[in-house]
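Single-structure report; data block below.
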Amino acid sequence: MFKSLYNWVLHKKIEEISDETVNEFSISPFAKEFLERRHITSYEKIKTVLQPEYGNFKEIYDIDRAVDTINRHIESGSTILIYGDYDADGITSTVLLYSALLDKTDNVHFFIPNRVDHGYGPNYDFFEQEVIGNVDLIITVDNGVTAVREFELLKDHGVDAIIIDHHEFSETLPDAIIIHPNHPSGNYSDPYLAGVGITYKVVEALGLLKSNLIGLAAIGTVADMVPMFGENKRIVIDGLKELNQNLPLGLRAVMNLNEKNDSIDTETIGFFFGPRLNSTGRISDASIGVELLLTDDTSYANMLAAEIEELNNTRKEMVETTLLEAKDQINTDNKVQIIYGKDWHPGILGIVASRIVEENGVPAILLTHDEGVYKGSSRSIEGVDLLSLIRSVDSTQVAHGHAAAFGITVPEADIEIFKEKATLYVNEHLLKVKPTRHVDLELSPTFNEEHLNEIYKLGPFGQEFPAPVFMEERKPIDEIRQIGKDKAHLKFKLKNTPMDYIGFNFGYVADEVSTDDHVSVIGKVNVNEFNGNRKLQMIIEDVKMDELRVIDMRAKADQNFNLIKPTDIFLIQEGKEKLGSNYFHYGEQIPFIASTLVLRDLPIDLQAFEHTLREIKVGKIIAILNEKEELFFQGIPKEHTVRDAYNLITEAKNGAIDLKVHAQRFSKKLNISMHSLEKVMNILIDLKRVKLQNGVVFYNPEITEDILVSESKVYTDMQKKLASESKLKMSSRPELKKYLEDLITSQNN
């Protein structure tokens, strides 16, 4: 077996969409099936998917107060500071509000805190030293709802403050005007807006909307992974149209630098623009990202694009280095990985935590040392509220975030006890550790591009409304190979399917499976166009194999000993030396479940081999079946040849033959090879019909009855070994695999 990374759950229909709704929204049969499996069947839900609408900004709690306050400060010529955040949502929120207010006043400025110097959100020292006395109105965007002490400082010094945010509230609200889509005193129609989305609503309320701002709102909304329903979806639909018509000069420079000229979609934002904007705030100064989106100077845009590209490449290298170091602390027995280091950059800890979650299937917290404390980021798995679990443990200070991703600070003196207590608590209280991946549809042989287009018309997709995941179940592999740098990726074909399958970072699977093995895969399907040819391809998200895995290393050209671990279970030939407690002779029973079983030697006796295999539970078998002297091509002596040899010895002068002199002539007379002659002599010696002294063979006159060759253990061992070779060495891989499967599964019959 080859275990999946995720627990696959295939969506099942509970209700059907009414005919009236199907007709009103012109839903195709394939799209109908998809929506029904997603349990999106009511008129209201379907409307949020197919005809999402903007909410009424007037319904946002306290937005009238915010508008009045901003307008009053604009009219009086006050100094206004926009205090943003260093991620893509915060950067686009800052640009959106700054460019809107700039149309009304020249006295507006922006500031993006540095992740290392200022930390997340409002910084008390910055407010005290730079804001008080210099700023009349401060507006935080995409941050601020937990900064009670900082806003108390501003109020005490007469600085007006507006908080525009979408993050979770703490128990105490700051003393400021708070514009939040999910305000505890409000009842806005869409409580899931991103920071840039709620900022867009403020600009709308101010009457300062411009066509280009919706594109910025779309970038922040997609990058911050908020639910892709309702108003968020409307923002993204309209924003993508704007971006494809009027892409900001800076983003065009980034695309040109990477020789990209395709249309802008959610994947472009999520996997291209988003990471690059985030890289500025992760390891440098996010103001670079703000300048990139604001500039209308081509030379400056190209310079900023090059700088951001370099930052993004540096970020990638830092992630890989930190990930390698972090892996040394992973304990696979734990249901949460809490890992800390001294010199890791705080800006990439969230990414590393995500990678650890992906590879291990459990939540992860990564922390780095910072002036007497350990600060870090967490990532969880579906269905696990890691934030609540960690809040149940002492000595933690959760700074900001959501149930599945939050920042955390732990005093240096408490780091060990925190790790111990938190790990123990999660181990005791977390029952479900394998993350779930929901599957929408199982692919049929008739699935084509038209069907795919029917589903993708329901997009754009995103958080809470992800792109469709398809499944192929138990299909035989036709071709498989590793591709890319260091052969880290996988490309294969399945029999009787017209699709290609690409698995990024799944290269290791090629060492675990072979042609004709049956595998199940899940992933997203798109269209690959090359040289004018269009073909469906699946981007693999997970793969599993429910049958026994057999890695065939019988041929020396196919041997890859890197696949064998010293802790694997080894089966060796009867009588050979055991090199550890994980070594067993053929015929012995292995008293536990084996993850990997290595058939190191060829067994002498198939019965002993079969006895061991029938008693074992194993997921993978590596077949080497080494044997220095093989009988299959040499053969074993015929019984009449043994008798003829004996007769020649008895008829010889003095009943003896000097093999040192006459061996070749002797073998030629018997019409056998010298190797076969040696075997004949061994059989006769075993039967005590001859004896060998100093190279001279003498017959034994004391035994006169007829020779029964079958009574020779040497002969019967040869027969057994030949049968073993024929079954285990000369069979094809499919034949060997079926034989092994039948042996192992027979114990359950």
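Given the structure is predicted, the values throughout are model-derived calculations rather than measurements. What's counted below: heavy atoms across the whole structure, side chains too, no hydrogens, waters or symmetry copies.
Note that CD1 of I82 is 7.0 Å distant from OG1 of T94, once rounded to the nearest 0.5 Å. Here D224 contributes atom CG and N232 contributes atom CG; the two are 10.0 Å apart, rounded to the nearest 0.5 Å.
Enclosure of atom NZ in K487 is not indicated, since only 12 or fewer non-hydrogen atoms of other residues, nucleotides or ligands lie within 6.0 angstrom. Atom CG of N448 has more than 12 heavy atoms from other residues, nucleotides or ligands within 6.0 Å.
For the pairing with F229, the ring-ring contact (aromatic ring centres under 6.0 Å, His included) check across F461, Y192, F465 returns one residue only, F465. Exactly one of L277, V236, D89, V196 qualifies for a side-chain contact (heavy atoms from CB on, under 4.5 Å) with I219. That residue is L277.
Note that K260 lies in the cation-pi zone of F272, set by a 6.0 Å cut-off to the ring centre and a 45° limit from the axis.
F447 places none of its side-chain heavy atoms less than 4.5 Å from the side chain of L441.
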Verdict with supporting geometry, E44 and K47, salt bridge (Lys or Arg N to Asp or Glu O under 4.0 Å): CA-CA 5 Å; E44 292 75 17; K47 189 174 178 64; over 6 Å; no
Residue pair H180, H166: steps toward the ring-ring contact (aromatic ring centres under 6.0 Å, His included) verdict: CA-CA 6 Å; H180 194 290; H166 72 124; 7.3 Å; no
Working for side chain to side chain donor-acceptor pair (under 3.5 Å), residues E309 and N258: CA-CA 9 Å; E309 196 65 26; N258 287 273; 3.1 Å; yes
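Counting only residues at least two apart or in different chains, side chain to side chain donor-acceptor pair (under 3.5 Å) contacts with residues 348-359 comprise E320-R355, K327-E359, S354-R379. The stretch residues 233-245 participates, sequence neighbours left out, in these salt bridge (charged side-chain N to carboxylate O under 4.0 Å, His left out) pairs: R234-D238. The side chain to side chain donor-acceptor pair (under 3.5 Å) contacts involving residues 517-530 comprise D517-R733, D517-K737, K524-E541, N526-Q537, E529-R534, where partners must be two or more places apart or lie in separate chains.
Taking the charged nitrogens against the carboxylate oxygens, K535 and E449 have no contact shorter than 4.0 Å, which rules out a salt bridge. The residues E382 and R437 are annotated as not salt-bridged, no charged nitrogen and carboxylate oxygen being separated by less than 4.0 angstrom. A salt bridge between K475 and E472 is present, with a side-chain N of the basic residue lying under 4.0 Å from a carboxylate O of the acidic one. The pair K491-E479 fails the salt-bridge criterion, with no side-chain N (NZ, NE, NH1 or NH2) lying under 4.0 Å from an Asp/Glu carboxylate O.
The aromatic rings of H39 and H11 stand perpendicular to each other, their planes meeting at an angle above 60°, with 30° marking the opposite boundary.
Nearest heavy-atom pair, G503 versus I540, reported as atom, atom and distance to 0.1 Å: CA-CB, 3.8 Å.
Ring centroid separation for the pair F110 and Y83 does not come in under the 6.0 Å cut-off.
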